[in-house]
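Report on the following structure.
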Amino acid sequence: MNGRPTGAIRVSLGYMSTKEETDRFVDFLASHFKDLSEKNTTTQVSTHTSANSSSIPPVIDLGLSVLSKVIVYPIKSCAGMEIDRWPMGPTGLLFDRTWAIVNAKGVAITQKRNRRLSLIRPRIDLKKMELKISAEGYSPIAMRIGSVSNGASESRTVRVCRSECGTTVETHDTVQDWLKSVLGQTCSLVRLSEVRRIKMRKGRTPNQAGGGGLGSPLSFANEGQFLVVSESSVAEAAGRMKPLEAKAKEDFEIDYRRFRPNFVVRGPKPFVEDKWASLKIIRKRQPSHSSSKSYAEAVEMNVIGPCVRCKMVDIDQKTGVRDSPLLRTLAGFRRKNNQIVFGVLLEYKSPKPSISSEADGLNGAQDMVRAVPPFADVAVGDEVVATMI
């Protein structure tokens, strides 16, 4: 009309939309539709931010911190096993994500594909060297760690996230039948037989991850040997929850389980972990018979970067129901490099545990125990000390 284009457009923004995408669209409008002949007397405020800006607050105060939870996930994507004390292993906590459940095509199943995995509750008895799995309404079953009850085993290459790795299939018929009954699909339980090294995401700490190179040895974990969250950060996220349709935020139970950490830390302010460069878990030992002095042992770890989050955080880990808008809430204040992040990933610093050879594999629990440094375990109540960026 009168030489000018007319009409209307609608732009939809969702919780996965980024500010950079919005900036590009504003630039597009300014370049092609802004009438430069008209004077605009209003003050223009740029919507752009510097490349180094972030929605994550620059907090640095650590304060006194201790481990309040230690959690092992024997089977990938299944329920965690909370313990007061647990040994360290060559790829993280001993037996953490040593098993996975794979479909008929050999691809690891996660809660993003089958939420009923959260109902499977594995337990490890180190004295008996036994893995026991249970689920409400089903009789529990148990198997010896490092052996196959029927005397048979099957090697198989499976795909986990972005990599392939060698495994040994747990060929117990009762296990496969039990898993099929609980999950409603044909699947197998496989055990890690060789450690994995995957190409790290860009932006990981260069001196540790090699700026996109291969990372530290892993079990079936997606990325990082350990995952840490703080109680205060979880509380902050829970406090920011918004109603989902007609449900009030009180209907959602937002706790640390949704983030599936190995360690929960009590003490620091919310999101101080964003500024951690390295971490020590310190165990104070009592005097021995040969010495009257008490001493401390430390597990040292480097931070390799934040944990990128997906829709699994929306799943109630006790019921398997996707019942909350937690990911959408996190998207509003926990963005970094166009990703939604929460918690930090760690790897061993020094001394690094030795890794059993492929021939020895990770089949023998005793071999795994011998592969770790002299500090044998971590426990609830251990002191946590961080160095800052």
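Note that the structure is predicted; figures quoted are calculated from it, not measured.
- Taking all atoms of both residues into account, the shortest heavy-atom contact from Val265 to Pro268 is CG1-CD, 3.8 Å.
- Annotation: side chain to side chain donor-acceptor pair (under 3.5 Å) contacts of Thr319 (sequence neighbours excluded): none.
- Residues that satisfy the salt bridge (charged side-chain N to carboxylate O under 4.0 Å, His left out) test with Glu82, not counting sequence neighbours, are Lys69, Arg257.
- Leu189 places a side-chain heavy atom less than 4.5 Å from the side chain of Met143.
- In this view, Arg123 satisfies the salt bridge (charged side-chain N to carboxylate O under 4.0 Å, His left out) rule with no residue, not counting sequence neighbours.
- Residues passing the ring-ring contact (aromatic ring centres under 6.0 Å, His included) test with Phe226 are Phe263, Tyr348, sequence neighbours excluded.
- Of the listed residues (Ser232, Ser233, Ser65), just one forms a side-chain hydrogen bond (donor to acceptor under 3.5 Å, both in side chains) with Glu273, and that residue is Ser233.
- Under the side-chain contact (heavy atoms from CB on, under 4.5 Å) criterion, Leu183 pairs with Ile101, Asn114, Arg116, Leu117, Ile120, Gln185, Cys187, sequence neighbours left out.
- Listed by chain and number, the residues in a salt bridge (charged side-chain N to carboxylate O under 4.0 Å, His left out) with Asp125 amount to none (sequence neighbours excluded).
- Counting heavy atoms from C-beta on, the side chains of Ile145 and Ile124 come closer than 4.5 Å.
- Taking Ser118 as the reference, Gln111, Gln317 meet the side-chain contact (heavy atoms from CB on, under 4.5 Å) condition, with sequence neighbours excluded.
- Residues passing the side-chain contact (heavy atoms from CB on, under 4.5 Å) test with Ala277 are Thr387, Ile389, sequence neighbours excluded.
- Donor-acceptor pairing under 3.5 Å is lacking for the side chains of Glu300 and Ser278.
- Cluster partners of Ile315 are Met312, counting Ile, Leu, Val, Met, Phe, Trp and Tyr whose side-chain heavy atoms approach within less than 4.5 Å, directly or via other members.
- Relative to the ring axis of Phe271, Arg334 places its NZ or CZ within 45° and under 6.0 Å from the centre.
- Residues meeting the salt bridge (charged side-chain N to carboxylate O under 4.0 Å, His left out) test with Arg115, sequence neighbours left out: none.
- Looking at residues two or more places apart in sequence or on another chain, you find no side chain to side chain donor-acceptor pair (under 3.5 Å) involving Lys280.
- Under the rule for a side-chain contact (heavy atoms from CB on, under 4.5 Å), the partners of Val380 that lie at least two apart in sequence or sit in another chain are Val70, Asp84.
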